[in-house]
2 protein chains.
Amino acid sequence: MNYNLPLDRNFVGSEAKIEDLKCHPPHPIETEHLEKFSGQILSSEKAQRMAEFFSLLGDSNRLRILSVLARQELCVCDLAATLDMSESAVSHQLRTLRVMRLVSYEKKGRKVFYRLQDHHVLKLYQSVAEHLDETD
Amino acid sequence: MNYNLPLDRNFVGSEAKIEDLKCHPPHPIETEHLEKFSGQILSSEKAQRMAEFFSLLGDSNRLRILSVLARQELCVCDLAATLDMSESAVSHQLRTLRVMRLVSYEKKGRKVFYRLQDHHVLKLYQSVAEHLDETD
DNA sequence: TGAATATCTGAAAGGATTTTCAGTAATTAA
DNA sequence: TTAATTACTGAAAATCCTTTCAGATATTCA
């Protein structure tokens, strides 16, 4: 991703109630403001857990794995062949998805079949897919 | 396995070819199934765009920035003070959020006030927050 | 039994991302 | 006008992630 859009520095400033928020001297006024809703700011701990969840879906190969498993359960080697990934890479990603309880598995002979476990992600997936369709 | 969700338009794909599958012996039953769905796998291009979107939410500091902006617009230095981040780090993150059109900004004097632009993310945000509350 | 297959694993390589650092520019205050 | 404040930026440092590589184990097949 390349984010190289310059900020528009010729922005026409509008009249504002700057007295509401002043950074200096060290935030006497807005500190009160911030305290008012500080109890509603996402805690670092919860932010971390949410970020981990979103990050799970933040990899194209993991998304493709999930999209295939949404259709049918598959063994590792079929997943690898279907997605054109190495079996080792697929296995590593499946472990991540396994640990985070997004997929479950069942061993059959020397193969291991994986399937979706968390159907909640499908709704997120669909929601974002539609969103991207809209804004394109 | 079909979970009966209208996902078909999300699966624009051509990557699954039965002859690519290399499990030995190839599974007769699964192979038939795969053929049925082979045109519906998430394409690499779309997977990439979806992954970029999810990755945006896959950082705890970006999530905390969004959670604060969900309550009120704020300038960079107040964001930095509130979130205990350097102003530079906040500025870098705001740029990515800006480029991806999740926030907009307005310059007032020497301050730049940021606010949420894409309220779609709030729904995703709340959805995952609730999900994590459930499963804890 | 020995060979082939399927999967998993840790470590290292190779990338990508995030923060810090140092500097610049614009605006305001003294 | 000069100093202070606010925000942005590129480059480097520090982190984090993903894949490859080189085995290891278990299962099936001939």
Side-chain angles (χ1 to χ4, degrees), chain A residues 1-14 16 18-19 21-27 30 47-48 51-52 54-65 74-100 103 105-114, chain B residues 21-27 30 47-48 51-52 54-65 74-81 83-100 103 105-114:
Chain A
M1 285 194 272
N2 190 7
Y3 304 119
N4 270 335
L5 294 190
L7 182 71
D8 181 8
R9 283 187 166 275
N10 297 321
F11 198 94
V12 180
S14 67
I18 300 184
E19 67 273 13
L21 287 170
K22 282 180 182 170
C23 285
H24 209 275
H27 318 275
E30 80 279 3
Q48 192 57 46
E52 277 169 21
F54 280 120
S55 289
L56 262 185
L57 304 180
D59 178 87
S60 61
N61 281 337
R62 275 195 298 271
L63 282 179
R64 294 198 306 143
I65 287 172
L74 271 184
C75 64
V76 178
C77 66
D78 279 349
L79 272 171
T82 303
L83 301 173
D84 196 27
M85 295 172 64
S86 76
E87 292 178 18
S88 182
V90 169
S91 186
H92 276 293
Q93 294 294 21
L94 285 171
R95 174 163 57 169
T96 304
L97 295 171
R98 223 166 54 214
V99 167
M100 298 299 278
V103 301
Y105 65 95
E106 188 182 354
K107 210 173 170 203
K108 291 178 184 171
R110 63 186 159 189
K111 297 189 182 176
V112 179
F113 286 83
Y114 283 81
Chain B
L21 295 179
K22 58 168 182 158
C23 274
H24 294 290
H27 326 104
E30 281 88 356
Q48 191 58 44
E52 278 171 19
F54 280 120
S55 290
L56 262 186
L57 305 180
D59 178 86
S60 61
N61 281 337
R62 275 195 299 271
L63 282 179
R64 294 199 305 144
I65 288 172
L74 229 44
C75 64
V76 177
C77 67
D78 279 348
L79 273 172
L83 300 173
D84 195 26
M85 294 172 64
S86 77
E87 292 179 17
S88 181
V90 169
S91 187
H92 276 294
Q93 295 294 20
L94 284 171
R95 174 163 59 168
T96 74
L97 294 172
R98 220 166 57 215
V99 169
M100 298 301 276
V103 301
Y105 67 93
E106 187 181 356
K107 204 173 172 201
K108 295 177 183 172
R110 61 186 161 193
K111 298 189 183 177
V112 179
F113 287 82
Y114 282 82

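A quick note: this is a predicted structure, and the numbers were derived from the prediction, not measured. Chain identifiers are assigned alphabetically (A, B, ...) following the order of the sequence lines, protein sequences preceding nucleic acid strands; residue numbering begins at 1 within each chain.
For Arg110(A), counting side-chain heavy atoms from C-beta on, the closest listed nucleotide (dT9(D), dA6(C), dA4(D)) is dA6(C). Set against dC8(C), dT18(C), dA11(D), the side chain of Val112(A) has dC8(C) as its closest nucleotide. In the set dT20(D), dT19(C), dT9(C), dT19(C) carries the atom at the smallest distance from any side-chain atom of Ala89(B). The side chain of Glu87(A) lies closest to dA6(C) when the candidates are dT20(D), dA7(D), dA6(C). When each of dT18(D), dC8(C), dA7(D) is scored by its nearest atom to the side-chain atoms of Ser91(A), the top-ranked nucleotide is dC8(C). In this structure, the nucleotide among dT18(C), dT19(D), dA7(D) sitting nearest to the side chain of Cys77(B) is dA7(D). Of the candidate nucleotides dT27(C), dT18(C), dT20(D), dT27(C) has the atom lying nearest to any side-chain atom of Lys107(B).
Atom CG in Leu94(A) sits roughly 11 Å away from atom P in dT9(C) (whole-Å rounding).
OP1 or OP2 of dC17(D) has not a single side-chain nitrogen or oxygen of Gln93(A) nearer than 4.0 Å.
A donor-acceptor contact shorter than 3.5 Å is absent between the side chain of Arg64(B) and the backbone of Ala47(A).
Glu87(B) approaches Cys77(B) most closely through the heavy-atom pair OE2-CB, 3.5 Å.
Side chains of Leu94(A) and Ile65(A) form a contact here, defined as non-hydrogen atoms less than 4.5 Å apart.
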